[in-house]
Amino acid sequence: MNQTKADISVIILTYNEEIHIERCIKSALKIANRICIVDSFSNDNTFLIANQFKIDFYQNKFINQANQFQWALNNCNINTEWVLKLDADEYFTDDLINEITIKLPLLPDNISGIYFNLRQYYLDKWIKFGGRYPLKLLRLWKFTKGIMEQRLMDEHIKITEGESISFKHDFIHDNLNTLTWMISKHNNYAIREAIAQLNEEFNLSVKDEFLDKKQILKNSTHRTRFFKNVIYSKRLLLFRSLLYFLYRYFILFGFLDGKEGLIYHFLQGFWYRFLVDAKIIEIKHLALKKGINIMQAIEDYSGYKIN
C-alpha cells in the first residue's frame with residue numbers, strides 16, 4: 001500500500017466517542033497529514049484516547065452539527081488544500097485509502113469536491129439493500145471551495161466553485177453502541193426532523209435551494225431531499241411511514257439483508273419516520289391547545305428557536 005499522505009485535514013466531531021475514536025483516528029492517519037477533533041466537552045475517555053495520537057484537539061459548545069462543523073472550519077487553522085469530514089463511527093476501506101492516495105494528486109484543477117460510497121453495517125452485517133447502498137456522500141473538498149449548510153438536520157457541504165466527481169470505493173459506517181443508545185439518539189433526531197418538516201409546511205425560515213434534475217440523478221443527498229420535500233412530505237402523516245418501510249423492505253429488497261436488516265429497516269424506515277410524524281402532530285396539538293403560533297409551539301416543545 002502506498003503510505004504517502006495526501007494534503008488533507010480530517011475533521012472529526014466528537015461527544016463521548018471512546019468506543020469509536022481510536023479506530024477512526026487510526027484509519028484517518030493512513031491518508032491525512034492533519035487530524036482535527038472538535039469535541040463537545042465529552043465526559044468519557046475520548047480525550048485520553050485521542051491524545052495518544054498526532055491530532056489537534058479542540059472543544060466547543062455544541063448547538064447543532066452544522067454549527068459545530070462550520071466552527072471547526074473557521075477555527076482549526078486549516079492550512080491544507082483539502083478537507084475531509086469523517087464521523088467518529090466511520091473509517092476507510094483499504095481500497096478507498098489507496099484510491100485517495102493515488103488519484104488526489106492527479107486531479108485537474110477544476111475538481112473541488114469528491115463523493116465516496118457509504119457502506120453501512122448493523123450488528124456486523126453489511127446493509128446492502130433497501131436503497132441503502134451505495135449512498136454517495138460528498139466528504140472531501142477543497143478547503144476554499146466549500147461551506148457547510150446551516151441546517152437543523154441533514155446538513156451537507158456545498159461546493160461554491162468547481163466540479164465534483166465520485167470515487168469508486170467505500171468508507172464504512174459501523175456504530176458499536178447499543179440499541180438503547182441508538183433509540184435515544186434517533187428520538188433526538190426525530191425532534192429536529194419534525195421541526196424541519198414544519199418549517200417546510202409553514203414557511204418558517206429559508207427552505208432548501210432548488211434541486212434540479214441533474215443533481216437529483218447525480219448524488220444521494222439531492223435524491224433524498226427530493227424524496228422528502230416533493231414526494232414523502234405530501235403523503236398522509238403516520239401512514240406514509242408504513243408505506244416507506246414497505247417500499248424499502250419489499251420493492252427495494254431490504255428483506256435480503258436478513259434478520260439484521262429487518263431490525264435496521266424497520267427501526268430506520270418505519271419506527272423513526274412514524275416518531276417524526278407523531279412529534280409533528282404533538283407540536284401542532286400544543287399550538288392549538290395553548291393558542292400560540294407554530295414557531296412558539298416548536299420552542300416550547302423542543303427548546304429550538306426558528307430564525
Side-chain angles (χ1 to χ4, degrees), residues 1 10 12-14 17-32 65 84-103 114-140 154 156-157 164-186 189 193 217-225 227-228 232 241 244-273:
M1 181 184 298
V10 176
I12 306 166
L13 305 186
T14 60
E17 292 289 355
E18 64 180 10
I19 196 172
H20 298 121
I21 195 62
E22 182 174 351
R23 181 185 69 182
C24 182
I25 291 174
K26 284 182 175 179
S27 182
L29 283 171
K30 293 178 181 179
I31 62 162
Q65 288 286 118
L84 193 150
K85 179 181 181 294
L86 191 66
D87 293 345
D89 56 2
E90 296 172 344
Y91 59 96
F92 304 111
T93 61
D94 288 341
D95 286 336
L96 181 57
I97 290 170
N98 276 332
E99 187 173 18
I100 293 171
T101 303
I102 294 169
K103 289 185 178 180
I114 301 171
Y115 287 85
F116 302 148
N117 296 326
L118 175 63
R119 183 197 301 180
Q120 301 190 63
Y121 281 81
Y122 180 69
L123 297 178
D124 297 323
K125 174 80 171 184
W126 178 3
I127 305 299
K128 297 181 181 180
F129 300 97
R132 306 310 295 169
Y133 181 82
L135 295 177
K136 291 187 177 294
L137 300 179
L138 194 151
R139 287 301 188 92
L140 180 60
D154 293 333
H156 292 279
I157 286 292
S164 298
I165 61 171
S166 294
F167 277 4
K168 179 180 178 181
H169 296 293
D170 303 348
F171 72 107
I172 293 174
H173 176 275
D174 185 10
N175 193 288
L176 303 175
N177 283 298
T178 65
L179 182 57
T180 299
W181 180 91
M182 292 177 66
I183 288 174
S184 176
K185 179 180 179 180
H186 280 79
Y189 280 174
E193 181 76 27
L217 293 173
K218 185 182 295 186
N219 66 75
S220 303
T221 299
H222 287 261
R223 283 196 300 274
T224 299
R225 289 191 183 167
F227 172 78
K228 283 184 179 179
Y232 187 83
S241 57
Y244 176 54
F245 166 70
L246 294 175
Y247 172 70
R248 269 177 59 164
Y249 196 68
F250 293 104
I251 305 301
L252 297 181
F253 305 107
F255 62 88
L256 294 178
D257 287 317
K259 64 179 183 297
E260 297 87 357
L262 175 58
I263 297 170
Y264 176 85
H265 292 300
F266 181 84
L267 290 176
Q268 208 260 356
F270 174 70
W271 172 81
Y272 170 70
R273 292 288 158 199

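Only this structure's heavy atoms are used, side chains among them; waters, hydrogens and symmetry mates stay out. Residue numbers run from 1 in the order of the sequence given.
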Asker: Locate the shortest heavy-atom distance separating C24 from D87; write the atom from each residue and the value.
Answerer: SG-O, 3.5 Å

Asker: Looking at H265 and F255, would you say the former's side chain and the latter's main chain have a donor-acceptor pair under 3.5 Å?
Answerer: no

Asker: Does Y115 offer a backbone N or O that forms a donor-acceptor pair with the side chain of S166 under 3.5 Å?
Answerer: no

Asker: Can you list everything that forms a salt bridge (Lys or Arg N to Asp or Glu O under 4.0 Å) with K168? Sequence neighbours excluded, please.
Answerer: none

Asker: For E90, enumerate each residue passing the salt bridge (Lys or Arg N to Asp or Glu O under 4.0 Å) test, keeping only those at least two apart in sequence or located in another chain.
Answerer: R139

Asker: Taking all atoms of both residues into account, what is the closest heavy-atom pair of K136 and F167, and its distance?
Answerer: NZ-O, 4.4 Å

Asker: According to side-chain contact (heavy atoms from CB on, under 4.5 Å), who are the partners of T180, at least two apart in sequence or on a separate chain?
Answerer: T178

Asker: So, the side chain of D257 versus the backbone of I127: is there a donor-acceptor pair under 3.5 Å, distance only?
Answerer: no

Asker: Quick one: does Y247's side chain get under 4.5 Å of L252's, heavy atoms only?
Answerer: yes

Asker: Just checking, any donor-acceptor pair under 3.5 angstrom between side chains of Q268 and Y122?
Answerer: no

Asker: According to side-chain contact (heavy atoms from CB on, under 4.5 Å), who are the partners of L267, at least two apart in sequence or on a separate chain?
Answerer: L179, I263, W271

Asker: For K103, what residues pass the salt bridge (Lys or Arg N to Asp or Glu O under 4.0 Å) criterion, not counting sequence neighbours?
Answerer: E99

Asker: Classify the angle between the aromatic ring planes of Y189 and H186 as parallel (below 30°), tilted (30 to 60°) or perpendicular (above 60°).
Answerer: perpendicular

Asker: Can you pull the salt bridge (Lys or Arg N to Asp or Glu O under 4.0 Å) pairs that have at least one residue in residues 17-27, sequence neighbours excluded?
Answerer: E22-K26, R23-D174

Asker: Please identify which of these residues, T93, L137, L138, I100, meets the side-chain contact (heavy atoms from CB on, under 4.5 Å) condition with F116.
Answerer: I100

